[in-house]
Colleague: 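Shown below is the structure under consideration.
Chain naming here is simple, since letters A, B, ... match the order of the sequence lines and numbering starts at 1 in each.
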Amino acid sequence: MVLVLQAGLNCILNMILPNSFYTRTDVVTIARDLPGKFLVTEIHGVRTSGMIVEVEAYAGIKDRASHAYGGRRTKRTEVMFAQGGVAYVYLCYGLHQMFNVVTNVSGVPHAILIRGIEPVEGIDVMLERRKYSVLKPSLTGGPGSLSAALGITTVLTGCQLSGPEIKVEDRGVGFSVEEIVACPRIGVDYAGEDALLAYRFYIRGNRFVSRAKK
DNA sequence: CAAACGATTTTCT
DNA sequence: GAAAATCGTTTGG
């Protein structure tokens, strides 16, 4: 009885997002829903997690900032065409692992880049992975940094986001519209008019949100 | 097959 | 604030 109650409670407090969360067709809406959700990894049995605080939406074939712009379908981008609910991890600048959530139905290559998390579980492990001695915003602020802290690499591309290696959970944390800031994406100046779209969302005032360059 | 480049981070000045 | 680090992916010849 106790076990059942605990399982039930755990289910309510740590609900793994269902596939229907990701297969919705508006990637911007999904992106706005992600801040406040929890990204959990279990790599070689080691658990680390953090609350998502910053994301960017990439709207597929019509978005010049997207890897899938124009329907570009290559070995690297192939996973973006999968049904929503899997990971897209790619290497940037030869050294940074970028973690994305694939969304929309099969055949529509939409994705959301996770740009920042606030550490929650396994902080000691994250410090070790990053060779940090103290917790500071750059530990998990920025897309390459959070992947390194959580142990996410390109080998996890294509993984289901319902586990076991990677999970995204709703733990009942929510934010009001005023607390979620919408603004243009970072590092996509090459995208012309699409660079102006307010596809970046972050939690106002959170220390783990990356700063836009000037 | 060669070459340019990027949804970045860190370090040095 | 500028520059280096660093390599898989993509594109062009």
Colleague: Evaluate side chain to side chain contact (heavy atoms under 4.5 Å, CB included) for L146(A) paired with I114(A), printing each intermediate quantity in order.
Modeller: CA-CA 8 Å; L146(A) 75 87; I114(A) 308 303; 3.9 Å; yes
Colleague: Begin with the C-alpha distance, continue with both residues' side-chain angles, and end with the deciding distance and a verdict on side chain to side chain contact (heavy atoms under 4.5 Å, CB included) for V120(A) and V40(A).
Modeller: CA-CA 9 Å; V120(A) 176; V40(A) 184; over 6 Å; no
Colleague: Taking CG from L139(A) and C1' from dT9(B), how many angstroms apart are they, rounded to a whole number?
Modeller: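 The distance from CG of L139(A) to C1' of dT9(B) comes to 13 Å, rounded to the nearest Å.
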Colleague: Can you tell me the distance, in whole Å, between the CG atom of D194(A) and the P atom of dA7(B)?
Modeller: 13 Å
Colleague: Could you tell me the separation between the CD atom of E54(A) and the P atom of dA7(B), rounded to a whole number of Å?
Modeller: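 Rounding to the nearest Å, CD of E54(A) and P of dA7(B) are 16 Å apart.
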Colleague: Go through the steps for I16(A) and V168(A) under the test side chain to side chain contact (heavy atoms under 4.5 Å, CB included), then give the verdict.
Modeller: CA-CA 6 Å; I16(A) 295 174; V168(A) 184; over 6 Å; no
Colleague: Sequence neighbours left out, what pairs pass side-chain hydrogen bond (donor to acceptor under 3.5 Å, both in side chains) with at least one residue falling in residues 143-167 of chain A?
Modeller: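 Output for this query lists R130(A)-S145(A).
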Colleague: Going by number, which of residues 110-119 of chain A have a non-hydrogen atom under 4.0 Å from DNA chain B?
Modeller: L113(A), R115(A)
Colleague: Between the protein and nucleotides 9-13 of chain C, which nitrogen or oxygen pairs come in under 3.5 angstrom?
Modeller:
unit_1, atom_1, unit_2, atom_2, d
dT9(C), O3', R76(A), NE, 3.2
dT10(C), OP1, T74(A), OG1, 2.2
dT10(C), OP2, T74(A), OG1, 3.2

Colleague: Look at the side-chain N and O atoms of Y190(A) and state whether any lies under 4.0 Å from the OP1 or OP2 oxygen of dA7(B).
Modeller: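 Result: yes.
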Colleague: What stems involve DNA chain C, if each pair must be Watson-Crick or G-U and both of its distances must be under 3.5 Å, with 3 or more such pairs in a row?
Modeller: B:1-6 with C:7-12, B:8-12 with C:1-5
Colleague: Given R24(A), which partner from the list D33(A), T103(A), N104(A) fulfils the side chain to side chain donor-acceptor pair (under 3.5 Å) test?
Modeller: D33(A)
Colleague: Separation of I186(A) atom CD1 from dA7(B) atom C1', in whole Å?
Modeller: 10 Å
Colleague: Residues of residues 94-101 of chain A with any non-hydrogen atom less than 4.0 angstrom from an atom of DNA chain C: list those, numerically ordered, please.
Modeller: G94(A), L95(A)
Colleague: Mind running side chain to side chain contact (heavy atoms under 4.5 Å, CB included) on Y22(A) and V86(A) for me, showing each step along the way?
Modeller: CA-CA 9 Å; Y22(A) 304 103; V86(A) 298; over 6 Å; no
Colleague: Take atom OH of Y93(A) and atom C1' of dC5(B), then tell me their distance rounded to the nearest Å.
Modeller: 8 Å
Colleague: Which is more 5' along DNA chain B, the nucleotide nearest V188(A) or the one nearest R130(A)? Just name the residue.
Modeller: V188(A)
Colleague: For S210(A) versus R200(A), what's the shortest heavy-atom pair and its separation?
Modeller: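 Smallest interatomic distance, heavy atoms only, reads O-NH2, 2.9 Å.
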Colleague: Can you see which heavy atom on M126(A) is nearest to which on E121(A), and at what distance?
Modeller: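 In this case the closest contact between M126(A) and E121(A) is CE-O, 3.1 Å.
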Colleague: So which heavy atom on A182(A) is nearest to which on F201(A), and how close?
Modeller: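 Where A182(A) meets F201(A) most closely, the heavy atoms are CB-CE2, 3.5 Å.
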Colleague: Heavy atoms only: give me the nearest P184(A)-L196(A) pair and the separation to one decimal.
Modeller: CG-O, 3.8 Å
Colleague: List the atom of L34(A), the atom of I52(A), and the distance in Å for their closest heavy-atom pair.
Modeller: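 Looks like O-CB, 3.6 Å.
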Colleague: Applying ring-ring contact (aromatic ring centres under 6.0 Å, His included), name anything that partners Y69(A), two or more places apart in sequence or on another chain.
Modeller: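 Checked Y69(A) against ring-ring contact (aromatic ring centres under 6.0 Å, His included); zero matches.
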Colleague: Going by an N to O cut-off under 4.0 Å, is there a salt bridge joining R32(A) and D26(A)?
Modeller: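 No, no charged N to carboxylate O under 4.0 Å.
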Colleague: Y58(A) on top of dA7(B)'s base, within under 5.5 Å and under 30°?
Modeller: yes
